[in-house]
Amino acid sequence: MKTSQYLLATLREDPSDAELASHRLMLRAGMIRMQASGLYTWLPTGLRVLRKVEQIVREEMNAVGAQEILMPMVQAAELWQESGRWQEYGDELLRMQDRHGRDFCLGPTHEEVITSMIRDEIRSYKQLPAVYYQVQGKFRDERRPRFGVMRAREFLMKDAYSFHASDECLDKTYQIMYQAYVKIFERLGLDYRAVIADTGSIGGSNSHEFHVLADSGEDAIAFSTESNYAANVEKAEALAPSDDAPVATQTMQTVSTPNARSIEAVCESLNVDASKVLKTLIVKGQQDGTLVAVCLRGDHQLNEIKIEKHPLVFAPLAMASDEDINRTIGAPAGFVGPVGLEVPIIVDRDSAILNDFVCGANQDNHHLTGVNWQRDASYTEIFDCRNIVEGDASPDGKGSLTIKRGIEVGHIFQLGTKYSKAMKANVLSENGKAVTLTMGCYGIGVSRIVAAAIEQNHDDYGITWPENIAPFQVAIVPMNMKRSPRVAEQAQALYQQLLQAGIEVLLDDRKERPGVMFADIELIGVPHRIVISERGIDAGTFEYKHRRSNDKVDIEMDNVFSTLMNKIG
RNA sequence: CGGAAUGUGGCGCAGCCUGGUAGCGCACUUGUUCGGGGUACAAGUGGUCGGAGGUUCAAAUCCUCUCAUUCCGACCA
């Protein structure tokens with residue numbers, strides 16, 4: 001490709017509304033343009049990268065025997081009503097009607113479609129296990145699209161689904177897919193981790209997420225210092241503390257704490273540490289109109305995912321309104337505590353062993369000090385419902401936890417029979433009886449990987465792609481080509497030679513000054529750069545530089561081609 | 001969904017308070033210049049100022065409504 005005929009579309013200035021490095025660089029490097037909130041056009045440079053990621057994913061899926069299919073993006077409501085998700089899915093499901101008034105949606109995922117297809121096509125256990133996948137656009141009407149293609153509404157995803165006659169068979173395929181994912185992320189050249197994950201709205205049992213590590217990641221991941229335990233913070237269990245049963249040493253007292261509504265204000269007002277304060281959150285209960293109190297240590301945070309799983313708590317989690325709290329408890333939010341509280345009280349493991357603690361007095365502008373469980377207050381149940389924090393014991397019993405940020409780029413689930421049961425997808429087993437199919441599902445955010453790769457690979461000049469996903473492999477930058485026939489001739493010759501060898505090469509044949517060309521080539525992140533100049537030709541050399549290196553090396557003209565071929569491998 | 005901010009050539013912005021000929025930088029076109037790190041000079045192309053309504057002799061500017069985008073929040077007990 002020659003830059004004179006290519007939509008380079010690089011920008012010298014930063015777009016004003018791009019916050020994240022990858023978003024900014026994708027716009028500046030001419031990879032994407034926004035069409036509407038969360039909707040992007042992929043320009044040639046961006047699409048080249050996207051296709052490369054897609055291709056690697058495809059190759060590894062094919063390598064483990066997954067078969068590629070393509071399902072429709074527009075899906076009939078009937079399928080979603082069968083699985084129950086027409087009601088459950090919520091506002092992220094973009095619904096619409098056709099001219100006959102029939103309901104449809106844009107597919108945010110494809111469990112329903114694949115399950116309906118498979119129940120018709122697969123009749124026997126002999127056809128199992130089977131894995132099907134597609135690389136396709138998904139649409140999720142995100143409440144807040146942001147960060148460019150990182151959290152877009154329309155995005156490219158590889159989704160695979162496996163079908164089995166037994167859980168053992170699913171386990172086996174799950175392991176194979178896990179290994180395929182490992183290969184994919186290795187080939188992409190990204191610093192990633194597989195972590196234990198929650199199954200979220202898709203449902204099911206066993207689950208792992210694949211995260212690209214980056215400080216800008218939206219997820220927090222907990223790692224053990226001593227073992228290979230790694231889990232999403234929303235899933236990581238906070239172990240019960242091993243401390244002895246609490247002993248009361250103080251008597252309970254009511255103290256005035258005017259306007260001390262937050263833990264911070266209470267700590268300051270009473271000069272106590274947040275770890276000695278009991279935080280009482282009031283959430284909506286599972287039974288309509290009921291409230292539930294959740295108690296945590298003041299320095300801990302509620303884990304929404306965990307608490308939603310408690311049978312008394314309404315899912316999705318909803319905080320009680322100030323009016324509800326006032327009406328039911330008789331005290332304003334900020335001064336609520338468990339003493340004399342007449343709603344169910346769920347206490348976190350750590351808060352259950354507090355002694356002599358501070359909590360709200362259920363009375364405006366007052367707190368209690370020296371409070372002790374059993375003597376002064378009772379609770380309904382002890383339940384792990386807090387986020388783990390740095391330094392907590394690792395759930396596998398080995399070492400403690402550290403926390404890093406990650407970008408979720410892959411997620412694999414053992415779905416079990418959640419969809420196949422609802423949609424009556426059966427096969428005949430060996431003994432001639434119908435059994436419900438067991439399913440697994442395996443997603444990769446293809447477009448998100450492009451952004452995540454940039455988050456992890458950029459510097460002041462632009463993107464520093466991993467070799468396998470760079471938009472071009474080699475850039476040829478001729479100095480003063482328009483005036484120097486020798487330079488032009490050499491540049492053309494090398495360009496043709498590389499093209500014929502199947503190398504993706506970009507020849508910058510614009511009538512631009514060197515600085516402009518260097519800046520653009522670095523911005524879009526071409527890994528290998530060859531500079532051809534009069535000076536070099538006189539010395540019989542071309543200059544080579546790798547995008548990630550500061551060193552420029554002069555290479556004998558005759559050896560340039562073979563050197564490049566060696567480096568590209 | 002709640003809060004805040006911003007919409008002016010392709011991009012980044014000024015002008016608005018105090019109404020009166022729409023401006024700057026980048027990019028783009030042409031010419032000259034420069035020629036190993038976003039060169040310099042000159043001449044140009046391109047905008048009914050997000051949209052609708054209103055006030056006024058006159059609206060980018062004031063008022064009302066609306067649309068869009070971005071950021072923050074959705075943990076306050």
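Proteins come first, then strands; the chains are lettered A, B, ... in the order of their sequence lines, and each starts at number 1. The basis for the numbers below is simple: all heavy atoms, side chains too, and nothing from hydrogens, waters or symmetry mates.
Residue whose closest nucleotide on RNA chain B sits further toward the 5' end, between A/Met319 and A/His23: A/His23. Closest-nucleotide positions on RNA chain B for A/Ile263 and A/Pro15 were compared, and the one nearer the 5' end corresponds to A/Pro15.
Minimum atom distance to the side chain of A/Arg146 is reached by B/rC71, of the listed B/rG36, B/rA77, B/rC71. Comparing atom distances between the A/Leu281 side chain and each of B/rA74, B/rA77, B/rU70 picks out B/rA77 as nearest. Here the side chain of A/Arg12 is nearest to one of B/rC71, B/rA27, B/rC76, namely B/rA27. For A/Ala519, the side-chain atoms get nearest to B/rG38 when compared with the rest of B/rG36, B/rG38, B/rA74.
The distance between atom CG of A/Asn480 and atom P of B/rG36, rounded to the nearest whole Å, is 7 Å. Atom NE2 in A/His300 sits roughly 17 Å away from atom P in B/rC76 (whole-Å rounding). For A/Arg483 and B/rC34, the CZ to P distance is 6 Å, given to the nearest whole Å. One can place OH of A/Tyr461 at 12 Å from C1' of B/rG38, the figure rounded to the nearest angstrom. Distance, A/Leu296 CG to B/rA77 C1': 11 Å, rounded to whole Å. Atom-to-atom, CD1 of A/Ile325 to P of B/rC76 comes out at 12 Å; the value is rounded to the nearest Å. The distance from atom CG of A/Asn365 to atom P of B/rC76 is 18 Å, rounded to the nearest whole Å. When the P atom of B/rU39 is taken as reference, atom CE of A/Met479 falls 13 Å away, rounded to whole Å.
With respect to A/Phe155, the side-chain contact (heavy atoms from CB on, under 4.5 Å) criterion is satisfied by exactly one of A/Arg448, A/Arg140, A/Glu142: A/Arg140.
A/Val477 comes within 4.0 angstrom of nothing in the nucleic acid, heavy atoms only. Within 4.0 Å (heavy atoms only), A/Val516 reaches at least one base atom of the nucleic acid. Contact annotation for A/Lys511: base contact, defined as any heavy-atom pair under 4.0 Å involving a base atom. A/Phe335 comes within contact range of the sugar-phosphate backbone alone, with a heavy-atom separation under 4.0 Å but no base atom that close. Backbone-only contact: A/Asp14 has heavy atoms under 4.0 Å from sugar-phosphate atoms and none from a base. A/Thr280 comes within 4.0 angstrom of a nucleotide base, judged by non-hydrogen atoms across all strands. Looking at heavy-atom distances under 4.0 Å, A/Ile282 makes contact with a base. Residue-level contact check: A/Arg297 touches neither bases nor backbone, having no heavy atom under 4.0 Å from any strand.
For A/Arg513 against B/rG36, no side-chain N or O and base N or O form a donor-acceptor pair under 3.5 Å. Residue-to-nucleotide contacts include a donor-acceptor pair under 3.5 Å from the side chain of A/Glu522 to the base of B/rG37. You won't find any donor-acceptor pair under 3.5 Å spanning the side chain of A/Arg510 and the base of B/rG35, going by distance alone.
Not one side-chain nitrogen or oxygen of A/Arg261 sits closer than 4.0 Å to the OP1 or OP2 atom of B/rC76. Close to B/rC76, at under 4.0 Å from its OP1 or OP2, lies no side-chain N or O of A/Ser262. Applying the 4.0 Å criterion to OP1 and OP2 of B/rC13, one finds that A/Ser16 has a side-chain N or O inside that range. Distances shown here put a side-chain N or O of A/Arg144 below 4.0 Å from the OP1 or OP2 atom of B/rC72.
Remark: B/rC17 base-pairs with no nucleotide; criterion is Watson-Crick or G-U wobble with both hydrogen-bond distances under 3.5 Å. Under the Watson-Crick or G-U wobble criterion, with both distances below 3.5 Å, B/rC62 is paired with B/rG54. Of the nucleotides present, B/rA40 is the one that pairs with B/rU32 by Watson-Crick or G-U wobble criteria, both distances under 3.5 Å. When both pairing distances are held under 3.5 Å, B/rG7 makes a Watson-Crick or G-U pair with B/rC67. Across all strands shown, B/rC76 remains unpaired; no Watson-Crick or G-U wobble contact has both distances below 3.5 Å. Of all nucleotides present, only B/rG12 satisfies the Watson-Crick or G-U wobble test against B/rC24, with each distance under 3.5 Å.
With respect to the salt-bridge test (charged N to carboxylate O, under 4.0 angstrom), the residues A/Glu237 and A/Arg349 qualify. Under the 4.0 Å criterion applied to side-chain N and carboxylate O atoms, A/Lys545 and A/Asp551 are not assigned as salt-bridge partners. Between A/Asp215 and A/Arg405, none of the side-chain N atoms (NZ, or NE/NH1/NH2) sits under 4.0 Å from a carboxylate O, so this pair counts as no salt bridge. Using a 4.0 Å cut-off between charged side-chain N and carboxylate O, A/Asp350 and A/Arg386 make a salt bridge.
Rounded to the nearest Å, the gap between the C1' atom of B/rC26 and that of B/rC65 is 36 Å. A distance of about 27 Å separates the C1' atoms of B/rC49 and B/rA43, rounded to the whole Å.
Between the side chains of A/Thr464 and A/Asp459, no donor N or O sits under 3.5 Å from an acceptor N or O.
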Q) Are A/Phe335 and A/His367 close enough, and set up right, to give a ring-ring contact (aromatic ring centres under 6.0 Å, His included), and what steps lead you there? A) CA-CA 6 Å; A/Phe335 301 98; A/His367 278 79; 5.3 Å; yes
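What you find for A/Ser22 and A/Ile454 is that their closest heavy atoms are CA-CG2, 3.6 Å.
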